[in-house]
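Okay, structure first, notes after.
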Number of protein chains: 2
Amino acid sequence: MKLQLQIKMNEALYVRNPEASDLGKKILAHSVQIIHKYGFEAFTFKKLAENIGTTEAGIYRYFENKHKLLVYLSAWYWAWLEFQISFQTNNIKDPKTKLKRIIKLLATTVEDDEKTSYINEALLHQIIISEGSKAYLTKQVGEDNKQHFFKPYKDLCAVIGEIITACNPKYKYPKSLASTIVEMAHFQNFFMINLPALTDFGKTKEEDEIIAFLNDLVFKSLK
Amino acid sequence: MKLQLQIKMNEALYVRNPEASDLGKKILAHSVQIIHKYGFEAFTFKKLAENIGTTEAGIYRYFENKHKLLVYLSAWYWAWLEFQISFQTNNIKDPKTKLKRIIKLLATTVEDDEKTSYINEALLHQIIISEGSKAYLTKQVGEDNKQHFFKPYKDLCAVIGEIITACNPKYKYPKSLASTIVEMAHFQNFFMINLPALTDFGKTKEEDEIIAFLNDLVFKSLK
DNA sequence: CATTTGCGATAGTAATACTATCTTTTTAAA
DNA sequence: TTTAAAAAGATAGTATTACTATCGCAAATG
């Protein structure tokens, strides 16, 4: 028997639950492929529909617009990542070891997770690196936040913030440090590949160096 | 006599130099206003043209498309900020004092600079916080980088990286730390205002706390 | 005085981001 | 097994966006 991981998504993110039908799952699967290939700007519902073999109207039955779809994918990613983290750090008692493990998970290219058949996590991870911030860098961020669209992201940062506090209860900026390492795990990766002058890893292009940088940053901060 | 600060911009960023004519300056001035008010997604050349009292075709004579205009504004901002920084830290010899001053300049709301009449730096600063990353978070980042569109940003980070090295020549990640503080000076500000759960400053919403956080982060890293 | 240039005005096109409606197929409850 | 509701397919249509092209006037330039 195969385990299936189901993530309960905020209902306001979709018109019809894409995880509850075949077409819905295809929409998720193919949108990940297309956004990864062409970028979010060039991604349209028409292309997606053609790619799946359905019509534009068919997509609109699931998602109001492409922004909502991006927010959906982003929320899904953070929820999935939080599960990965809680799973993979489950037995670790020492908060420092735990934090190290988390940094590694944040900054490492993920492999496609068999537990979720329709979403390719490896591609989604790439998408979140280069398109993820566009989910909240908008004029509607306030509205979207009121509807709890960013809850998975905030939850993850909260969890990391608590572990930071467990490492050093006197440290004054656990939440900001948490959001810093989450953002930087992605940005330093993007810079390393695309704007290498902004990093110290341009030559080797090794994720391990990003991990070393983030560990240095965090554990010196907590000393 | 009034001093005029002229920033020499990359010629590939525009079709016709906007700083060399009246209409061009109006395009810069009004695009800052409109992007600030409606956000970059809702900003169109048609709205801009109507706002100025010219036609769409008139705008296209200056900028190929709105992405180029955003990259232009972003490049202008970083070039302007680097000048501000070099000006305001000119006499400071101690690299630590210098770095502190820079962090303050990065994280502080700027006032409109009288030296540049047509661009409102205070608004532009806000724009760069919420739209700035969209200049490079695209599929064309490689092409754009080849044409040196991000040179002002990279130059600023390089300058900061050198001061970091001057503070502690043994520190292994000066460039990554530089890009981290530049990005975080903006992101923590955005989060503080829009997604306060991601920061430790949600209650007070004080820029000074962001500065304190960044100082803590940097100087513990360099110890 | 001739000429470039800058700009306004107008027109047109392909693509995007939707909305609406009607029909057929699938599913699931009576 | 029938029946009706839900999902999906097919088609059409609209407003807006993101451009490109052309023309002619007026001011600056040489």
Side-chain angles (χ1 to χ4, degrees), chain A residues 9 11-31 34-35 37-73 118 131 134-135 138-140 143-144, chain B residues 9 11-31 34-35 37-73 118 131 134-135 138-140 143-144:
Chain A
M9 298 293 293
E11 289 181 16
L13 279 170
Y14 50 76
V15 183
R16 214 209 284 317
N17 184 358
E19 302 198 88
S21 81
D22 237 49
L23 181 61
K25 286 174 195 166
K26 269 190 202 162
I27 290 172
L28 297 179
H30 286 78
S31 60
I34 299 176
I35 295 172
K37 192 163 176 189
Y38 301 106
F40 185 66
E41 273 67 48
F43 165 78
T44 68
F45 277 6
K46 196 174 181 196
K47 278 181 199 158
L48 177 58
E50 276 163 13
N51 204 270
I52 293 174
T54 181
T55 56
E56 245 183 303
I59 315 290
Y60 280 104
R61 286 200 190 97
Y62 285 85
F63 290 100
E64 220 178 298
N65 52 52
K66 71 174 189 167
H67 176 248
K68 282 266 174 77
L69 176 51
L70 179 66
V71 176
Y72 182 99
L73 290 174
Y118 40 97
E131 320 285 355
K134 295 171 192 168
T138 68
K139 274 282 158 185
Q140 335 125 47
E143 309 279 307
D144 287 357
Chain B
M9 298 292 294
E11 289 182 15
L13 279 171
Y14 50 76
V15 183
R16 216 210 283 314
N17 184 359
E19 302 197 89
S21 81
D22 236 49
L23 181 61
K25 285 174 196 168
K26 269 191 202 163
I27 289 173
L28 296 178
H30 286 78
S31 60
I34 298 177
I35 295 173
K37 192 162 176 190
Y38 301 106
F40 184 66
E41 274 66 47
F43 165 78
T44 68
F45 277 7
K46 196 175 183 195
K47 278 180 199 160
L48 177 58
E50 275 164 15
N51 204 270
I52 293 174
T54 180
T55 57
E56 245 183 303
I59 315 290
Y60 281 104
R61 286 201 191 97
Y62 285 85
F63 290 101
E64 217 178 300
N65 52 52
K66 70 174 189 168
H67 175 248
K68 281 266 174 75
L69 175 51
L70 179 66
V71 176
Y72 181 99
L73 289 174
Y118 40 96
E131 321 284 356
K134 294 171 193 169
T138 68
K139 275 281 157 183
Q140 335 126 45
E143 308 279 308
D144 287 358

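Each chain gets a letter, A, B and so on, in the order the sequences are listed, and its residues count up from 1. Just so it is clear, the structure is predicted and the values come from calculations on it, not from any experiment.
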Q) What is the distance, rounded to the nearest whole Å, between atom CD of Glu41(A) and atom C1' of dT16(C)? A) 14 Å
Q: Using atom CD1 of Ile27(A) as one end and atom P of dA7(D) as the other, report the distance to the nearest whole Å.
A: 13 Å
Is there a side-chain polar atom (N or O) of [X] under 4.0 Å from OP1 or OP2 of [N]?
| X | N | result |
| --- | --- | --- |
| Arg61(A) | dA8(D) | no |
| Tyr62(B) | dG6(C) | no |
| Arg16(A) | dA8(D) | yes |
| Thr54(B) | dG8(C) | yes |
| Ser21(B) | dC7(C) | yes |

Q | Heavy-atom pair of closest approach, residues Lys25(B) and Glu19(B) | A | CE-O, 3.3 Å
Q: Specify the closest pair of heavy atoms between Leu70(B) and Glu131(B), including all atoms of both residues, with the distance to one decimal.
A: CD2-O, 3.9 Å
Q) Is Glu64(B) touching bases, backbone alone, or none of the nucleic acid, heavy atoms closer than 4.0 Å? A) sugar-phosphate
Q: Mind checking Phe45(A) for me? I need base, sugar-phosphate or nothing, with any heavy atom below 4.0 Å counting as a touch.
A: nothing
Q) Considering only dT10(C), dA10(D), dT16(C), which nucleotide approaches the side chain of Thr44(A) most closely? A) dT16(C)
Q. Is the shortest side-chain N to carboxylate O distance from Glu41(A) to Lys134(A) below 4.0 Å?
A. yes
